[in-house]
Amino acid sequence: MSSETSSQKPRVAVVFGGRSSEHAISVVTAGAVLSAIDREKYDVLPIGITTDGRWALTADAPERMAITDRKLPSVAELAESADGAVVLPVDPTSREVVYSEPGQVPKALGDVDVVFPVLHGPYGEDGTLQGLLELSGVPYVGSGVLASAVGQDKDYMKRVFASFGLPVGPYEVIRPREWEQDPSAARKKIVDFAAEHGWPLFVKPARAGSSMGISKVDDLAGLDEAVEEARRHDPKIIVEALLSGREIECGVLEFEDGPRASVPAEIPPVTAHDFYDFEAKYIDSATGLVPAPLTEEQTARVQELAVQAFDAASCEGLVRADFFLQDNGEFVINEINTLPGFTPISMYPRMWQESGVSYAELVDRLIQAALRRSTGLR
Ligand SMILES: Nc1ncnc2c1ncn2[C@@H]1O[C@H](COP(=O)(O)OP(=O)(O)O)[C@@H](O)[C@H]1O
Ligand SMILES: [Mg+2]
């Protein structure tokens with residue numbers, strides 16, 4: 001084929017945007033990843049997924065992918081055409097990506113050696129895209145199918161962690177049928193849980209992210225509204241007791257010899273927002289403390305737990321593990337994120353920066369880890 005395939009450099013497809021509520025954040029992150037990829041070492045193919053799921057060819061234009069004047073970028077604005085589609089064939093004998101537009105002869109875009117899925121939430125971070133890449137036989141950055149799915153589902157995530165002896169807070173799951181067929185029984189289940197563990201409760205979609213659909217409920221009066229809000233994101237919801245204490249995060253990154261933990265960070269209590277929500281995380285840009293002011297023992301403990309969480313869920317590449325340090329000195333794991341916030345000001349890159357790994361090195365290490373692995377059994 002043409003010049004696109006003549007180079008000896010590995011070709012990285014940066015896939016971003018997507019159908020989840022975290023579309024815009026993904027675009028911002030992809031802009032940073034595109035800027036950081038060493039072009040001497042890798043060729044790059046940006047592929048944006050629109051909010052309705054079309055794979056679009058987008059300009060390699062990181063400067064158009066930032067938040068400007070609190071306005072969020074989107075793939076629709078970056079797409080080269082309104083109806084062109086990029087196809088990664090589900091044929092493991094070829095790594096050729098094809099581009100087609102209605103009424104035109106499909107165009108070969110050359111081979112892809114590795115995919116960097118810069119996607120958060122459903123249809124990206126949850127194992128679905130990973131499954132497609134498995135079928136296609138193309139290596140990809142980050143966790144495989146199972147770990148991605150576990151990391152996306154706060155219900156199964158807690159069950160996996162608990163089964164590996166990791167400390168998990170009290171929770172209750174309300175499955176779709178329970179709320180739909182007998183809401184009063186489901187409500188009673190939640191009220192009984194509150195009677196045991198106290199109000200307020202956190203009501204969350206089981207599979208969302210970026211604090212979408214999460215409410216802190218102070219009493220019974222606010223419960224139904226919180227459940228409906230969570231159910232707008234996922235018919236399966238999870239109810240948790242309030243975990244008081246400090247919010248501590250720790251990054252895990254896969255090196256040649258295995259996973260290592262970063263210095264931890266602390267997310268200070270947010271005053272302008274009720275909790276560490278979407279606005280606090282992305283629009284105002286997080287003000288986490290790196291490193292977290294912890295004792296040496298606390299640091300070692302949270303790092304140990306973070307690597308255990310990485311292994312418990314069979315993660316690969318990277319994970320950010322989030323904890324509460326309770327007043328009794330014990331850590332409780334809140335969740336893991338298999339593709340954590342990954343802009344240069346996000347906590348995960350900042351924790352690695354503080355640990356001696358720059359953003360560009362991080363991107364490079366993740367691509368290298370992906371290239372070392374073959375597809376299958378993931
Ligand atoms: N059980 C809890 N107790 C206290 N605060 C919580 C609890 N669950 C969530 N939060 C707060 O809400 C934020 C978002 O919740 P989280 O479970 O991390 O959801 P997401 O996957 O959307 O990040 C947390 O960072 C924390 O500030
Ligand atoms: Mg979180």
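Atoms within a ligand are numbered from 1 in the order they appear, just like the ligands themselves. Being a predicted model, the structure only gives us computed values, none of them experimental.
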Aromatic plane relationship, W352 with F255 - under 30° parallel, 30 to 60° tilted, over 60° perpendicular: tilted
Ligand 1 versus N337: contacting region, heavy-atom distance under 4.0 Å: neither
NZ/NE/NH1/NH2 to OD/OE distance under 4.0 Å, R39 and D60: yes
For [X] and [Y], indicate whether the former's side chain and the latter's backbone hold a donor-acceptor pair under 3.5 Å.
X: S143; Y: A147; result: no
X: E254; Y: G317; result: yes
X: H233; Y: K204; result: no

Looking only at N/O atoms, are [X] and ligand 1 under 3.5 Å apart anywhere?
X: A241; result: yes
X: L243; result: yes
X: E335; result: yes

Which atom of E335 approaches the Mg ion (ligand 2) most closely (N/O/S): OE2
D322 N/O/S atom closer than 2.8 Å to the Mg ion (ligand 2):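 No - counting backbone and side chain alike, D322 has no N, O or S atom under 2.8 Å.
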Pairs satisfying ring-ring contact (aromatic ring centres under 6.0 Å, His included), at least one member in residues 173-197, at least two apart: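 Qualifying pairs, neighbours excluded: F193-H197.
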Find all atoms of ligand 1 within a distance of less than 4.0 Å from any non-hydrogen atom belonging to [X], and give their numbers and elements.
X: K154; result: 17 (O), 19 (O), 20 (P), 21 (O)
X: L242; result: 3 (N), 4 (C)
X: N334; result: 16 (P), 17 (O), 18 (O)

Centroid-centroid distance, F16 to F116, less than 6.0 Å: no
Cationic tip of R378 above Y140 ring, under 6.0 Å, 45° of axis: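 Yes, cation above the ring, under 6.0 Å and within 45°.
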Only pairs under 3.5 Å count here: list side-chain donor-acceptor contacts from residues 167-174, not counting sequence neighbours, and write none if there are none.
none

Looking at ligand 1, would [X] count as a contact under a 4.0 Å heavy-atom criterion?
X: D322; value: no
X: G169; value: no
X: Y171; value: no

Option whose closest heavy atom lies nearest to atom 9 (C) of ligand 1, chosen from K204, E240, M212: K204
